[in-house]
Amino acid sequence: MLSITNYEGTLTEALVCRGKPVVRKNIDGIFELTLDASQHDNPHSFNLITEEGIVEAGGFQFRIKQLQRKSRGNVKSVLAQHIFFDNIW
């Protein structure tokens, strides 16, 4: 199950993806999540999908770093990095 939490950490909602979310983990340190989410499938959580929000997937937390809005179907495409990178700074 996926969930989305706003940047402030005050709201959390379930998140439904179009297709399967993709997690990439490489030996060079890349650990990221990509997914597409539509407003139709996420009436309560769609507005929480913003840059710096947190997506939880498979027990891991990922911070949204890139967000692209697609006009067709009112869909947001997300690229999120594991929160490990937050702790480096």
Side-chain angles (χ1 to χ4, degrees):
M1 182 175 137
L2 299 173
S3 65
I4 179 85
T5 303
N6 66 345
Y7 175 72
E8 295 82 14
T10 57
L11 295 171
T12 301
E13 293 284 347
L15 184 64
V16 177
C17 294
R18 286 195 147 179
K20 288 182 84 172
V22 176
V23 175
R24 271 185 359 145
K25 186 175 182 182
N26 292 342
I27 197 162
D28 61 358
I30 293 174
F31 191 18
E32 62 188 16
L33 168 74
T34 56
L35 61 88
D36 290 340
S38 74
Q39 186 173 18
H40 179 266
D41 296 334
N42 298 284
H44 300 290
S45 60
F46 192 73
N47 290 332
L48 296 178
I49 305 170
T50 59
E51 288 188 5
E52 300 301 317
I54 298 284
V55 177
E56 186 168 333
F60 295 102
Q61 292 182 324
F62 298 87
R63 183 165 307 277
I64 299 172
K65 292 298 182 182
Q66 292 179 2
L67 185 64
Q68 185 177 29
R69 193 165 188 146
K70 299 178 180 177
S71 59
R72 186 176 182 176
N74 209 6
V75 173
K76 291 181 181 179
S77 292
V78 169
L79 171 66
Q81 291 181 334
H82 189 269
I83 62 166
F84 164 80
F85 297 101
D86 291 355
N87 299 329
I88 291 175
W89 306 106

Handout entry: Approximate separation, where rounding is to 0.5 Å, of Arg24 CZ and Gln81 CD
Key = 10.5 Å
Problem - CZ-NE2 distance between Arg18 and His40, expressed to the nearest 0.5 angstrom - result: 8.5 Å
Exercise for the section: Find out if a path of hydrophobic residues (ILVMFWY) with successive side-chain heavy-atom gaps under 4.5 Å connects Ile54 to Phe46. Expected result: no
Problem - Same apolar cluster: Leu35 and Val75, side chain cutoff 4.5 Å - result: no
Exercise for the section: Could you check Asp36 against Lys70 for side-chain contact (heavy atoms from CB on, under 4.5 Å), going step by step and ending with a plain yes or no? Expected result: CA-CA 9 Å; Asp36 290 340; Lys70 299 178 180 177; 3.5 Å; yes
Handout entry: hydrophobic_cluster_shared for Leu79 and Leu48, side chain cutoff 4.5 Å
Key = no
Problem - Atom NZ of Lys65: over 12 foreign heavy atoms under 6.0 Å - result: yes
Practice task
May I ask you to decide whether Arg63 forms a salt bridge with Glu51, counting only side-chain N to carboxylate O separations under 4.0 Å?
Solution key: no
Practice task
Please examine the side chains of Val22 and Glu32, heavy atoms only from C-beta on, and report whether any two atoms are closer than 4.5 Å.
Solution key: no
Problem - Expected output: side-chain Ser38 to main-chain Asp41 donor-acceptor under 3.5 Å - result: yes
Practice task
Report whether Leu67 and Val16 are members of the same hydrophobic cluster (ILVMFWY, side-chain heavy atoms less than 4.5 Å apart, transitive linking).
Solution key: no
Handout entry: Parallel, tilted or perpendicular: rings of His82 and Phe31 (30°, 60°)
Key = parallel
Handout entry: Remaining members of hydrophobic cluster (4.5 Å side-chain criterion), Ile27
Key = none
Practice task
Measure across Ala14 and Ser45 and return the closest heavy-atom pair with its distance rounded to 0.1 Å.
Solution key: O-OG, 3.0 Å
Exercise for the section: Might you work through the side-chain contact (heavy atoms from CB on, under 4.5 Å) test for Ile64 and Val55, ending with a clear yes or no? Expected result: CA-CA 7 Å; Ile64 299 172; Val55 177; 4.0 Å; yes
Fill in the blank from the handout: side chain to side chain contact (heavy atoms under 4.5 Å, CB included) filter on Asn47, not counting sequence neighbours, yields none
Exercise for the section: Find out if a path of hydrophobic residues (ILVMFWY) with successive side-chain heavy-atom gaps under 4.5 Å connects Leu11 to Leu15. Expected result: yes
Problem - Donor-acceptor under 3.5 Å (Asn6 side chain, Gly9 main chain) - result: yes
Completion exercise
When Glu13, Glu56, Gln61 are each screened for side-chain contact (heavy atoms from CB on, under 4.5 Å) with Ser3, the one that passes is Glu56
